[in-house]
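Taking it in order: structure first as structure tokens, then the write-up.
Given the structure is predicted, the values throughout are model-derived calculations rather than measurements. Note that ligands are numbered from 1 as they come in the structure, with each ligand's atoms numbered from 1 the same way. Hydrogens, waters and symmetry mates play no part in the numbers below; they use all other heavy atoms, side chains included.
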Amino acid sequence: MGVTAIVGANWGDEGKGKITDYLAEQSDIVVRFQGGNNAGHTIINDYGKFALHLLPSGVFYSHITNILGPGVALNIPFFLEELSNLVARGVPAPSIRISNRAQVILPYHISLDEYEEERLADQQFGSTKCGIAPFYSDKYLKVGIQVADLFNEKYLRNRLEKSLVIKNILFEHLYNKPKISIDELLPVLLKDGERIKPYVCDTVSLLQNALKENKKILLEGQLGTLRDPDHGIYPYSTSSSPLAGFGSIGAGVPPYSITRIIAVVKAYSSCVGAGPFVSEIFDESANELRERGGSSGEYGATTGRPRRVGWFDVVATRYGCLMQGATEIALSLLDVLSYLDEIPICMSYDINGSITGDFPLSVQLDKAKPVLKKMPGWKTDISGVRSFEELPKNAKTYVENIEKLIEIPVKWISVGPKRNAMIKR
Ligand code: GDP
Ligand code: MG
């Protein structure tokens, strides 16, 4: 059967949650493979409207096994609360498995994130302050804590002691904040371990067996290509790779098992937080697009911050899809553009008078100006349309134009936030 990855081709918030929820019906397993509760995936279905942060978007189906893979940043109290809120709203308790190799966001990761943004003041990166960057820094510094460590007090104490030496120097002398006491922290973590124990297992074996049994597996990415630490707009990137290629590592499946890569592409652009954003628009036209965008305006599902918005960016999206290795595109939020007489799209970048279609390095990106072309609008409500043929001519042309420019087939077109507002081609 193979594995399907659903990933973002832009800056995140492309509607991955909706597409994953839609495709999950036909699947057996949904895996989150990177990031943590800094994600915000909005899903609207028969149970209501939800913004999932850490839970995989398969949690609304009782036939699905939802996995938090080894690559995920696990905030345990957050996980438990998100799960109980879901059940409190009438969703049947989902089946969830947490990798025993996943690492844990510790309380001091969150403090470090907050203190560092405070220290940076107006130089901030726009962190969601969930502790994600300090968490992944510790992982690669080799002072992180794996889920399995929570079940061995002696080992855990030893690991924490190593980490806290440096942390406490930072807390005391850089940030002027209280130090962390291991004797206070250890019991909290042991208790967290007990609370998640029923969910913990060797998810890698589970997935290997599922592959043997030809089960349908979805990998759900967080954010999008342009936030990738290697291939994105570094340093305005996130701390784990949102690329399908990393899905193999973060979930623990063979690279060759990922045979289908659905890049979710937004019909316009949005970007939350700081960083270069070439096709950004401002003032009244931006306010209008922001208010009409998403399911109730473009506001961060995690932070509530107003999202920056802009026109469709061919340069960024072509690059975004290429780096994902997209085999098909799910074009989302097309319905949002229905109010426009003309729809500008950014065809290329002008960098000091030289025109390029290649996505620039960070050092040049600030200088890039969008080269726009106007497409005719369709001025018709398309949210009820369920087949490509039924779309107004200009909407079809808009989609076909994107397909031609990106050179990847648009297989899905999302025309509304609800589960069934989808056109399959
Ligand atoms: P994700 O992080 O990629 O899952 O995306 P978000 O959920 O953060 O942001 C996407 C926003 O668009 C949410 O408000 C969704 O409810 C909404 N949405 C998703 N698909 C569509 C669509 O086709 N049309 C409209 N109007 N809204 C959509
Ligand atoms: Mg989001």
Is it true that A421 lies under 4.0 Å from ligand 1, counting heavy atoms only?
no
Is there a side chain to side chain donor-acceptor pair (under 3.5 Å) between S295 and K18? Walk through the geometry before answering.
CA-CA 11 Å; S295 46; K18 183 205 148 156; over 6 Å; no
Between ligand 1 and K18, is the shortest N or O to N or O distance under 3.5 Å?
no
Side-chain touch L68/Y199, heavy atoms, less than 4.5 angstrom:
no
Between R307 and ligand 1, find which residue part has any heavy-atom pair under 4.0 Å and reply side chain, backbone, both or neither.
side chain
Is the shortest heavy-atom distance from the side chain of F33 to the side chain of V7 under 4.5 Å?
yes
State, yes or no, whether a side-chain contact exists between W412 and L23 at a heavy-atom distance under 4.5 Å.
yes
For the pair R419 and D21, evaluate salt bridge (Lys or Arg N to Asp or Glu O under 4.0 Å) and give the outcome as yes or no after the intermediate values.
CA-CA 7 Å; R419 191 183 270 175; D21 172 67; 2.7 Å; yes
Which residue and heavy atom of the protein sit nearest atom 24 (N) of ligand 1, plus the separation
D335 OD1, 2.7 Å
Short check: any N/O/S atom of G40 below 2.8 Å from the Mg ion (ligand 2)?
yes
Does any N or O of ligand 1 fall below 3.5 Å from an N or O anywhere on I44, backbone included?
no
Should you measure from each heavy atom of S414, which atoms of ligand 1 turn up under 4.0 Å away?
20 (N), 21 (C), 22 (C), 23 (O)
What residue among E220, Q222, H53, R32 forms side chain to side chain donor-acceptor pair (under 3.5 Å) with H41?
E220
Compare all side-chain heavy atoms of H109 with those of N75 and state whether any distance is below 4.5 angstrom.
no
Out of I6, V415, V264, L333, whose heavy atom sits nearest atom 28 (C) of ligand 1?
L333
For the aromatic rings, using the six-membered ring if either is Trp, is the centroid distance between F171 and Y108 under 6.0 Å?
no
Are any of the N/O atoms in G40 less than 3.5 Å from those in ligand 1?
yes
Heavy-atom proximity to atom 17 (C) of ligand 1 ranks first, among S296, A39, S295, A330, for S295
Taking only heavy atoms of V336 into account, list the atoms of ligand 1 that are under 4.0 Å away from them.
26 (N)
N/O of K266 under 3.5 Å from N/O of ligand 1, yes or no?
no
Audit row: E390, R386, salt bridge (Lys or Arg N to Asp or Glu O under 4.0 Å) steps and yes/no
CA-CA 7 Å; E390 275 175 75; R386 295 291 175 268; over 6 Å; no
Would you mind finding which of A267, S332, G294 brings a heavy atom closest to atom 12 (O) of ligand 1?
G294
If I apply the N/O under 3.5 Å rule, does G17 come out as touching ligand 1?
yes
What do you reckon, does D13 have a nitrogen or oxygen under 3.5 Å from a nitrogen or oxygen of ligand 1?
yes
Looking at D13, the N/O/S atom that lies nearest to the Mg ion (ligand 2) is called OD1
Does ligand 1 have any atom that is closer than 4.0 Å to a heavy atom of G416?
yes
Any side-chain donor-acceptor pair under 3.5 Å between Y319 and Q324?
no
Would one find an N or O of G15, backbone or side chain, under 3.5 Å from an N or O of ligand 1?
yes
Any non-hydrogen side-chain atom of V59 less than 4.5 Å from a side-chain atom of V91?
no
